[in-house]
Amino acid sequence: RNIVAGNWKMNLNRTDGVSLVEDTLDRLPSDNNVEVVFAPSFTDLFKVASMCTERANVFVASQDCSSNEKGAFTGEVSTEMIASCGAKYVIIGHSERRTNFNETNDLLKSKVRQALTKELEIIFCCGESSEQRKNGVHFEWIKSQILESLFHLSVEDFTNIVIAYEPIWAIGTGTTASSEQAQEVHHFI
């Protein structure tokens with residue numbers, strides 16, 4: 001299936017986020033056959049999900065989730081909370097989370113487990129830095145990200161995983177992966 005997802009990270013206040021969703025929904029054709037996924041901040045998750053319930057092929061993703069089911073984890077958001085807001089997806093393994101919050105493949109494995117217990121589908125991010133690509137180790141890096149975080153899953157659970165290749169060297173840099181580079185990695189995956 002074809003999916004286009006927009007993650008607005010820690011940008012857009014509620015007014016701007018709602019306006020973005022309204023504008024996008026107004027522009028979508030009624031016979032839209034591409035899954036459109038909005039990934040707002042946690043504070044807007046319920047509102048955006050409510051706006052999308054009547055639209056075919058329009059869904060909401062949480063930008064992250066806790067690796068814990070519940071408990072004294074101030075600031076964390078559980079998969080139960082996310083599911084109760086109406087989200088269909090959760091983004092796990094985004095490079096910014098891996099880098100800025102030192103998220104390991106083992107931690108991501110726990111997040112995957114939590115998301116699947118609440119029947120959330122997972123957008124699992126993987127990708128390499130420019131140095132890894134330059135040194136020719138990008139395939140091994142991506143392989144370890146996927147193997148160590150996802151290969152404990154059953155075939156049935158794996159059907160709830162969308163793998164999103166995000167080359168770290170292209171995020172916010174103005175540089176984009178060429179079609180050939182993206183296809184090469186897709187083929188490898």
**Student:** Report yes or no: does T79 contribute a side-chain atom to a donor-acceptor pair with the main-chain N or O of Q114 at less than 3.5 Å?
**Tutor:**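 Confirmed, T79 side chain pairs with Q114 backbone.
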**Student:** Nearest 0.5 Å please: distance from the OG atom of S66 over to the CD atom of E80.
**Tutor:** 12.0 Å
**Student:** For the pair E103 and R98, find out whether any cationic side-chain nitrogen is under 4.0 Å from an anionic carboxylate oxygen.
**Tutor:**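 Between R98 and E103 there is no salt bridge, as every charged N stays at least 4.0 Å from the carboxylate O atoms.
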**Student:** Quick one: NZ on K143 to SG on C126, what's the gap to the nearest 0.5 Å?
**Tutor:**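 Separation between the atoms: 14.0 Å.
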**Student:** Could E140 and R133 be called an ion pair, given the rule that one side-chain N must be under 4.0 Å from one carboxylate O?
**Tutor:**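 No.
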**Student:** Is any side-chain heavy atom of F38 closer than 4.5 Å to one of F59?
**Tutor:**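 No - every pair of side-chain heavy atoms lies 4.5 Å or more apart.
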**Student:** In terms of heavy-atom contacts, does NE2 of H187 have more than 12 from other residues, nucleotides or ligands at under 6.0 Å?
**Tutor:**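 No - once you tally the heavy atoms of other residues, nucleotides and ligands closer than 6.0 Å, there are 12 at most.
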**Student:** Answer whether the closest heavy-atom distance between the side chains of F124 and I91 falls below 4.5 Å.
**Tutor:** no
**Student:** So, do S62 and L45 sit near enough that their side-chain heavy atoms are less than 4.5 Å apart?
**Tutor:** yes
**Student:** Donor-acceptor pair, distance only, cut-off 3.5 Å: does the side chain of N13 make one with the backbone of D16?
**Tutor:**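 Present.
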**Student:** Ignoring hydrogens and angles, tell me if any N or O in the side chain of K111 forms a donor-acceptor pair with the backbone of C65 under 3.5 Å.
**Tutor:**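 Yes; at least one donor-acceptor contact below 3.5 Å.
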**Student:** Same hydrophobic cluster for F158 and I189, using side-chain heavy-atom links shorter than 4.5 Å among ILVMFWY?
**Tutor:** yes
**Student:** Under 3.5 Å, side chain of N105 to main-chain N/O of E148, donor-acceptor pair present?
**Tutor:**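 It does not hold such a pair.
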**Student:** Below 4.5 Å, heavy atoms only, C-beta onward: do S130 and T175 meet side chain to side chain?
**Tutor:**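 SC-SC contact between S130 and T175 ruled out.
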**Student:** Is there a donor-acceptor contact under 3.5 Å from the side chain of S154 to the main chain of D157?
**Tutor:** yes
**Student:** Determine whether a donor-acceptor pair (N or O, by modelled atom type, separation under 3.5 Å) exists between the side chain of Q132 and the backbone of S129.
**Tutor:** yes
**Student:** What do you reckon, is NZ of K47 surrounded by more than 12 foreign heavy atoms closer than 6.0 Å?
**Tutor:**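 No, because the 6.0 Å sphere around NZ of K47 holds 12 heavy atoms or fewer from other groups.
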**Student:** Testing the 3.5 Å rule here: is there a donor-acceptor pair between the side chains of E128 and Y165?
**Tutor:**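 The answer is yes; a qualifying pair exists.
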**Student:** Given side chains that start at C-beta, do those of L20 and L12 come closer than 4.5 Å, heavy atoms only?
**Tutor:**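 The answer is yes, as the side chains (C-beta and beyond) meet within the 4.5 Å cut-off.
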**Student:** I need the T24 OG1 to R55 CZ distance, nearest 0.5 Å.
**Tutor:**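 If I round to the nearest 0.5 Å, the distance is 10.0 Å.
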**Student:** Run M51 and E22 through side-chain contact (heavy atoms from CB on, under 4.5 Å) and show every step you take.
**Tutor:** CA-CA 8 Å; M51 295 171 69; E22 287 173 340; 3.4 Å; yes
**Student:** With a sphere of 6.0 Å drawn around CD of E76, does it hold more than 12 non-hydrogen atoms of other residues, nucleotides or ligands?
**Tutor:**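 Yes, the 6.0 Å shell around CD holds more than 12 heavy atoms from other groups.
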**Student:** Decide yes or no on side-chain contact (heavy atoms from CB on, under 4.5 Å) for I163 and I146, but give the supporting numbers first.
**Tutor:** CA-CA 9 Å; I163 296 178; I146 294 171; 4.3 Å; yes
**Student:** To check you understand the geometry: which heavy-atom pair defines the closest contact between L107 and S67, and what is its length?
**Tutor:**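 Looking at all heavy atoms of both residues, the shortest contact is CD1-OG, 3.4 Å.
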**Student:** Looking only at atom types and distance, does a side-chain atom of W141 sit under 3.5 Å from a main-chain N or O of G127, one as donor and one as acceptor?
**Tutor:**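 Between the backbone of G127 and the side chain of W141 there is a qualifying donor-acceptor contact (under 3.5 Å).
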**Student:** Between S19 and T15 (side chain of the first, backbone of the second, donor and acceptor by atom type, cut-off under 3.5 Å), is there such a pair?
**Tutor:**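 No, the answer is negative, given that no donor and acceptor are paired below the 3.5 Å cut-off.
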**Student:** Minimum heavy-atom separation for P167 and A177, please, with both atom names.
**Tutor:**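 That closest heavy-atom pairing would be CG-CB, 4.0 Å.
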**Student:** Linking I/L/V/M/F/W/Y whenever their side-chain heavy atoms sit closer than 4.5 Å, directly or via other members, would V185 and I171 fall into one cluster?
**Tutor:** no
**Student:** Is the closest side-chain donor-acceptor distance between H94 and Q63 under 3.5 Å?
**Tutor:** no
**Student:** Same hydrophobic cluster for M10 and F46, using side-chain heavy-atom links shorter than 4.5 Å among ILVMFWY?
**Tutor:** no
**Student:** Using 0.5 Å steps for rounding, measure from the CZ atom of R113 to the OG1 atom of T117.
**Tutor:**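 The CZ atom of R113 sits 9.5 Å away from the OG1 atom of T117.
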**Student:** With a 4.5 Å limit on heavy-atom distance, are the side chains of P40 and V60 in contact?
**Tutor:** yes
**Student:** Tell me whether N135 contacts the main-chain N or O of V137 through its side chain, where contact means a donor paired with an acceptor under 3.5 Å.
**Tutor:**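 Absent.
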**Student:** Would you name the heavy atoms of L108 and S149 that are closest together and state the gap between them?
**Tutor:**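 Minimum heavy-atom separation between L108 and S149: CB-OG, 3.8 Å.
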**Student:** Which heavy-atom pair separates S95 from I168 by the least distance, and what is that distance?
**Tutor:**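 Minimum heavy-atom contact is CB-CG1, 3.5 Å.
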**Student:** Does the pair V37 and I3 meet the rule for a side-chain contact (heavy atoms from CB on, under 4.5 Å), with working shown?
**Tutor:** CA-CA 7 Å; V37 181; I3 300 172; 3.9 Å; yes
**Student:** Mind running side-chain contact (heavy atoms from CB on, under 4.5 Å) on L150 and I161 for me, showing each step along the way?
**Tutor:** CA-CA 9 Å; L150 300 177; I161 306 292; 3.9 Å; yes
**Student:** Do E35 and Y89 have side-chain N/O donor and acceptor atoms under 3.5 Å apart?
**Tutor:**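 Distance-only check passes for E35 and Y89.
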**Student:** Within the structure provided, determine whether L153 and L116 are in side-chain contact (heavy-atom separation under 4.5 Å).
**Tutor:**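 The answer is yes; the side chains approach within 4.5 Å.
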**Student:** When hydrophobic residues are tied together by side-chain contacts of less than 4.5 Å, even through go-betweens, does V77 share a cluster with W8?
**Tutor:**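 Yes, one cluster joins them.
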**Student:** What I'd like to find out is whether the side chain of R1 reaches to under 4.5 Å of the side chain of V162, using heavy atoms alone.
**Tutor:**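 Of all side-chain heavy-atom pairs linking V162 with R1, at least one is under 4.5 Å.
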**Student:** Quick test of your reading of the model: are K9 and E96 salt-bridged, counting only N-O distances below 4.0 Å?
**Tutor:** yes
**Student:** So, does R97 use its side chain to make a donor-acceptor pair with the main chain of N102 at under 3.5 Å?
**Tutor:** no
**Student:** Starting from F101, can I reach I92 by hopping between I/L/V/M/F/W/Y residues whose side chains sit under 4.5 Å apart?
**Tutor:**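 Different clusters.
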